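It should be emphasised that the depicted structure is a prediction, and the values quoted were computed from it without experimental measurement. Atoms within each ligand, like the ligands themselves, are counted from 1 in listed order.
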Amino acid sequence: MQKLNDDALGRLPDTVSVPRYDRGDVTAGIVHFGVGGFHRAHQAMYLDRLMNQGKAHDWGICGVGVLPSDQRMKAVMDEQDCLYTLVTKNPDGSREGRVIGSIVDYLFAPADPEAVIERMASEQIRIVSLTITEGGYNFNQVSGEFDETNPDVVHDLAAGATPKTSFGLITEALARRRARGGAAFTVMSCDNIQGNGDVARKMLTAFARLKDPGLAAWIEQNLSFPNSMVDRITPVTTDDDRSSIADEFGVTDAWPVVCEPFEQWVLEDDFVNGRPAYDQAGVQLVDDVEPYELMKLRLLNASHQALCYFGYLAGYRYAHEVCQDELFVAFLLDYMNAEASPTLSPVPGIDLDEYKHTLIERFGNEYVRDTLARLCAESSDRIPKWLLPVVRINLANGGEIKTSAAIVASWARYAEGVDEEGKTIEVVDRLKESVTAAAARQRTDPLAFLASRQLFGDLIDDERFVTEYSRALELLHTVGARATVEALVSPGAQR
Ligand SMILES: NC(=O)c1ccc[n+]([C@@H]2O[C@H](COP(=O)([O-])OP(=O)(O)OC[C@H]3O[C@@H](n4cnc5c(N)ncnc54)[C@H](O)[C@@H]3O)[C@@H](O)[C@H]2O)c1
Ligand SMILES: O=P(O)(O)OC[C@@H](O)[C@@H](O)[C@H](O)[C@H](O)CO
C-alpha cells in the first residue's frame with residue numbers, strides 16, 4: 001500500500017478529498033508551536049479550507065516541535081511531505097476524510113534550534129501561533145505569575161544559552177527582528193486558557209524582561225496577542241484509526257487525526273502584521289472573546305472534568321459511554337444549569353440552553369471515542385483554571401457549589417490511583433507525585449487533598465465548600481461513584 005505523500009495525492013480514491021491547490025505555490029507565513037491532534041484538526045484545517053478557495057497561499061504553516069517526544073512527528077512529517085488525513089466522525093456513523101495540505105514544513109527544535117529561530121526571524125513569518133498546552137506557558141496556578149524556576153526556563157535565561165523552550169526560541173527570534181529593524185509578528189495562542197492571548201502576552205514579556213528589559217518593552221509596544229475561543233473535540237489517534245484509514249482510503253498514514261464534525265473558532269481581530277482571511281473560512285472575528293471563552297471553558301471543558309473521574313470510577317472508559325447514561329447526563333446538566341450558567345454573561349448570538357444540550361450530544365457521539373483517560377490527564381492544570389473560578393464566584397454570591405465540590409472530590413478519589421475494582425489507575429499529571437501522595441492520606445485525613453494551597457488556594461478555609469466536598473468524598477469511599485452521583489442529582493433533573 002502506498003504512503004501518503006505528494007506523489008500519492010493524485011491516486012487517492014474519490015472518498016477522500018485532497019488539496020485542490022498547488023502546494024508548491026504555498027509559502028509559510030505562520031510558525032506554529034505544538035503540532036498535535038488539535039492544531040491539525042482546527043487551525044490547519046481552516047487554512048486548508050481557505051487555500052482550497054484559492055486564498056492564503058502565503059499563509060502556509062511551518063510546524064515546530066520543542067519536546068524530545070516531537071521527534072516522532074518530525075519523522076512522520078518528513079516522510080509524508082507534511083500531509084495527513086483528517087477524518088470527521090459523524091454521530092450517525094458516517095465519516096469524511098480529507099487530506100490537509102496547509103502545513104508545508106516542520107522543524108524539530110532540539111535538533112536544530114537555529115533553524116527555528118531564523119525561520120521566525122524572517123520577514124515572511126507574520127504570525128506565531130501556539131497549542132503548547134497549559135504547561136507550555138509556565139505560569140504559577142495560584143499567583144498567575146510567570147514561573148521562572150522551571151529548569152528549562154532557568155536554562156534559557158542563562159547568558160548565551162541556546163533556547164529550548166517555546167518562549168526562549170520566540171524571544172531570540174524577536175531580538176533578531178528588532179536588531180535588523182524588522183517588523184514584529186502576532187503571537188496567537190489557541191490553547192484552552194482563559195484569556196489565552198493575555199496570558200501569552202504576560203508570560204512572553206515576563207520571560208523577555210528577565211532576558212533583556214529593552215526587548216520586553218519593544219514586545220509590549222509592537223506585538224499583538226489576540227484572545228481566542230477554540231473548539232473541536234479531537235481525541236488521541238489510535239492504531240484502529242490508522243488501519244481503518246488504510247482500509248477505506250487505500251493509503252498508509254502514520255499519524256492521521258480524527259475529530260468530531262463540530263468546529264468553532266472565535267477570535268479577536270488584533271493582528272499587527274496581517275492575517276489570513278479567517279472570516280472567509282468560518283472563523284468568527286469579534287472585538288471581545290471573553291463571553292465565548294467563559295461559556296466554553298466553564299460549560300464544555302469543566303463538564304469534561306465533571307464526567308471523567310466519576311465516569312471512570314463507575315467503570316466507563318469513553319466519554320460517550322458516560323453521556324449515554326441518563327443519570328450522568330442529569331448530573332452534568334445539574335452542574336451546567338445550577339452552577340456554571342449563573343457565572344456567565346449573555347453570549348452574543350448563542351442560546352445557552354441549546355448550547356448545553358448540543359454539548360451533551362457532542363459528548364455522546366460514540367464514533368469519536370474520546371477516552372476518559374485523555375480527559376482525566378493533567379487535572380492540576382485543568383481543575384484550577386476551569387472549575388474553581390465557578391466555585392469562587394458561587395461562594396461569593398451565595399450560589400450553588402454542591403456539584404462542583406463533588407467534582408473536586410471525584411478527582412481526589414481518582415488520584416488515589418486504584419479504581420473501585422481494585423485495578424490500578426495510571427494518573428497522568430505533572431504534579432502526580434504530590435497529588436497522589438495527598439490522595440493516599442485522605443482515608444484517614446479527609447482534607448489532605450484539598451489542603452494544597454498551590455492548587456486550591458484558600459478553599460479549605462471555606463466551611464460551606466469543605467462540608468460539600470467532605471460529604472461527596474465520604475460517599476465515594478463508602479458507596480462508590482455511581483451511588484454518589486445518584487445521591488447528588490436533583491430530582492427531576494434528568495432530561
Ligand atoms: N484535543 C482537543 O480536543 C483540543 C480542543 C481545543 C483546544 N485544545 C488545545 O490544544 C492543546 C493541545 O491539544 P492536542 O489535542 O493537540 O494534544 P497533543 O498531545 O496531540 O499535542 C500536544 C502538543 O503540545 C506540545 N507541547 C506539550 N507541552 C509543551 C511544552 N511544554 N512546550 C511546548 N510544546 C508543548 C507537544 O509537543 C504537542 O505538539 C490542548 O492543551 C488545548 O489547550 C485541544
Ligand atoms: O486539551 P485540554 O487539556 O485543554 O482539555 C481537555 C478537553 O477538555 C479538551 O481537549 C476538549 O476536548 C476541547 O477543548 C474541545 O474543544
Side-chain angles (χ1 to χ4, degrees), residues 32-45 63-74 76-77 84 103 106-110 116 128-139 147 150-153 156 163-170 189-194 196 199-200 203 228-238 255-266 292-293 295-308 319 358-359 362-363 365 368-387 428-430:
H32 182 82
F33 283 77
V35 180
F38 177 64
H39 171 71
R40 295 187 299 146
H42 199 255
Q43 190 188 172
M45 178 283 301
V64 172
V66 303
L67 300 185
S69 52
D70 290 319
Q71 172 78 63
R72 207 179 124 220
M73 182 60 80
K74 167 71 178 159
V76 172
M77 286 280 167
Y84 61 94
I103 303 182
Y106 185 92
L107 302 173
F108 178 54
V116 175
V128 170
S129 57
L130 312 170
T131 47
I132 52 176
T133 80
E134 289 79 345
Y137 293 77
N138 286 309
F139 52 78
D147 177 10
N150 174 301
D152 286 341
V153 172
D156 281 10
K164 287 183 182 176
T165 67
S166 310
F167 289 173
L169 293 157
I170 295 171
S189 167
C190 298
D191 275 298
N192 281 328
I193 297 174
Q194 190 184 325
N196 54 11
V199 170
M203 300 308 140
S228 63
M229 180 269 249
V230 291
D231 193 5
R232 182 168 231 186
I233 295 174
T234 309
V236 178
T237 305
T238 65
W255 210 335
V257 186
V258 299
C259 64
E260 62 168 344
F262 184 93
E263 58 181 60
Q264 192 172 16
W265 190 0
V266 186
Y292 300 90
E293 64 178 2
M295 168 188 79
K296 195 250 171 176
L297 297 175
R298 293 181 184 171
L299 291 174
L300 189 158
N301 297 106
S303 293
H304 265 160
Q305 305 319 118
L307 70 87
C308 67
T358 307
L359 286 182
R362 291 171 60 196
F363 294 163
N365 181 338
V368 171
R369 296 183 74 73
D370 200 11
T371 58
L372 296 183
R374 180 181 84 88
L375 305 180
C376 290
E378 302 303 345
S379 308
S380 13
D381 281 336
R382 297 171 179 176
I383 294 275
K385 287 281 157 227
W386 302 337
L387 184 67
V428 175
D429 198 305
R430 69 190 171 83

Taking all non-hydrogen atoms of both residues into account, name the closest pair between Glu293 and Asn196 and its distance.
OE1-N, 4.2 Å
For residues Thr165 and Asp152, is any side-chain donor paired with an opposing acceptor at under 3.5 Å?
no
Distances for all N or O pairs of ligand 1 and the protein under 3.5 Å?
unit_1: ligand 1; atom_1: 1 (N); unit_2: Thr234; atom_2: O; d: 3.1
unit_1: ligand 1; atom_1: 1 (N); unit_2: Arg374; atom_2: NH1; d: 3.2
unit_1: ligand 1; atom_1: 3 (O); unit_2: Arg232; atom_2: O; d: 3.2
unit_1: ligand 1; atom_1: 3 (O); unit_2: Thr234; atom_2: N; d: 2.9
unit_1: ligand 1; atom_1: 16 (O); unit_2: Gly37; atom_2: N; d: 3.2
unit_1: ligand 1; atom_1: 16 (O); unit_2: Phe38; atom_2: N; d: 2.9
unit_1: ligand 1; atom_1: 20 (O); unit_2: Gly37; atom_2: N; d: 2.9
unit_1: ligand 1; atom_1: 24 (O); unit_2: Thr131; atom_2: O; d: 3.3
unit_1: ligand 1; atom_1: 28 (N); unit_2: Ile132; atom_2: O; d: 3.4
unit_1: ligand 1; atom_1: 37 (O); unit_2: Asp70; atom_2: OD1; d: 2.8
unit_1: ligand 1; atom_1: 37 (O); unit_2: Asp70; atom_2: OD2; d: 2.8
unit_1: ligand 1; atom_1: 39 (O); unit_2: Val35; atom_2: N; d: 3.4
unit_1: ligand 1; atom_1: 43 (O); unit_2: Asp191; atom_2: OD1; d: 2.8
unit_1: ligand 1; atom_1: 43 (O); unit_2: Asn192; atom_2: N; d: 2.9

Work out which heavy atom in Trp386 is nearest to a heavy atom in Arg298; give both atom names and the distance.
O-CG, 4.0 Å
Identify the two heavy atoms, one from Val199 and one from Gln194, that lie closest to each other, and give their separation to 0.1 Å.
CG2-O, 3.7 Å
Ion pair check, Lys385 and Asp191, cut-off under 4.0 Å:
no
List ligand 2's nitrogen or oxygen atoms that come under 3.5 Å of a protein nitrogen or oxygen, with the partner atom and distance.
unit_1: ligand 2; atom_1: 3 (O); unit_2: Arg382; atom_2: NE; d: 2.8
unit_1: ligand 2; atom_1: 3 (O); unit_2: Arg382; atom_2: NH2; d: 2.6
unit_1: ligand 2; atom_1: 4 (O); unit_2: Glu134; atom_2: OE2; d: 3.1
unit_1: ligand 2; atom_1: 4 (O); unit_2: Asn192; atom_2: ND2; d: 3.0
unit_1: ligand 2; atom_1: 8 (O); unit_2: Asn301; atom_2: ND2; d: 3.0
unit_1: ligand 2; atom_1: 8 (O); unit_2: His304; atom_2: ND1; d: 2.7
unit_1: ligand 2; atom_1: 10 (O); unit_2: Arg374; atom_2: NH1; d: 2.9
unit_1: ligand 2; atom_1: 12 (O); unit_2: Arg374; atom_2: NH2; d: 2.7
unit_1: ligand 2; atom_1: 14 (O); unit_2: Asn192; atom_2: ND2; d: 2.8
unit_1: ligand 2; atom_1: 14 (O); unit_2: Lys296; atom_2: NZ; d: 2.6
unit_1: ligand 2; atom_1: 14 (O); unit_2: Asn301; atom_2: ND2; d: 2.9
unit_1: ligand 2; atom_1: 16 (O); unit_2: Asp231; atom_2: OD1; d: 2.5
unit_1: ligand 2; atom_1: 16 (O); unit_2: Arg232; atom_2: N; d: 3.0
unit_1: ligand 2; atom_1: 16 (O); unit_2: Lys296; atom_2: NZ; d: 3.2

Show me the pairs that pass side chain to side chain donor-acceptor pair (under 3.5 Å) and involve residues 64-74, at least two apart or across chains.
Lys74-Asp78
Look at the rings of Trp265 and His42 and say which category their plane angle falls in: under 30° parallel, 30 to 60° tilted, over 60° perpendicular.
tilted
Between Val266 and Met295, is a side chain to side chain contact (heavy atoms under 4.5 Å, CB included) present by the stated rule, with each step listed?
CA-CA 12 Å; Val266 186; Met295 168 188 79; over 6 Å; no
With sequence neighbours excluded, what pairs up with Tyr292 under the side chain to side chain donor-acceptor pair (under 3.5 Å) test?
none
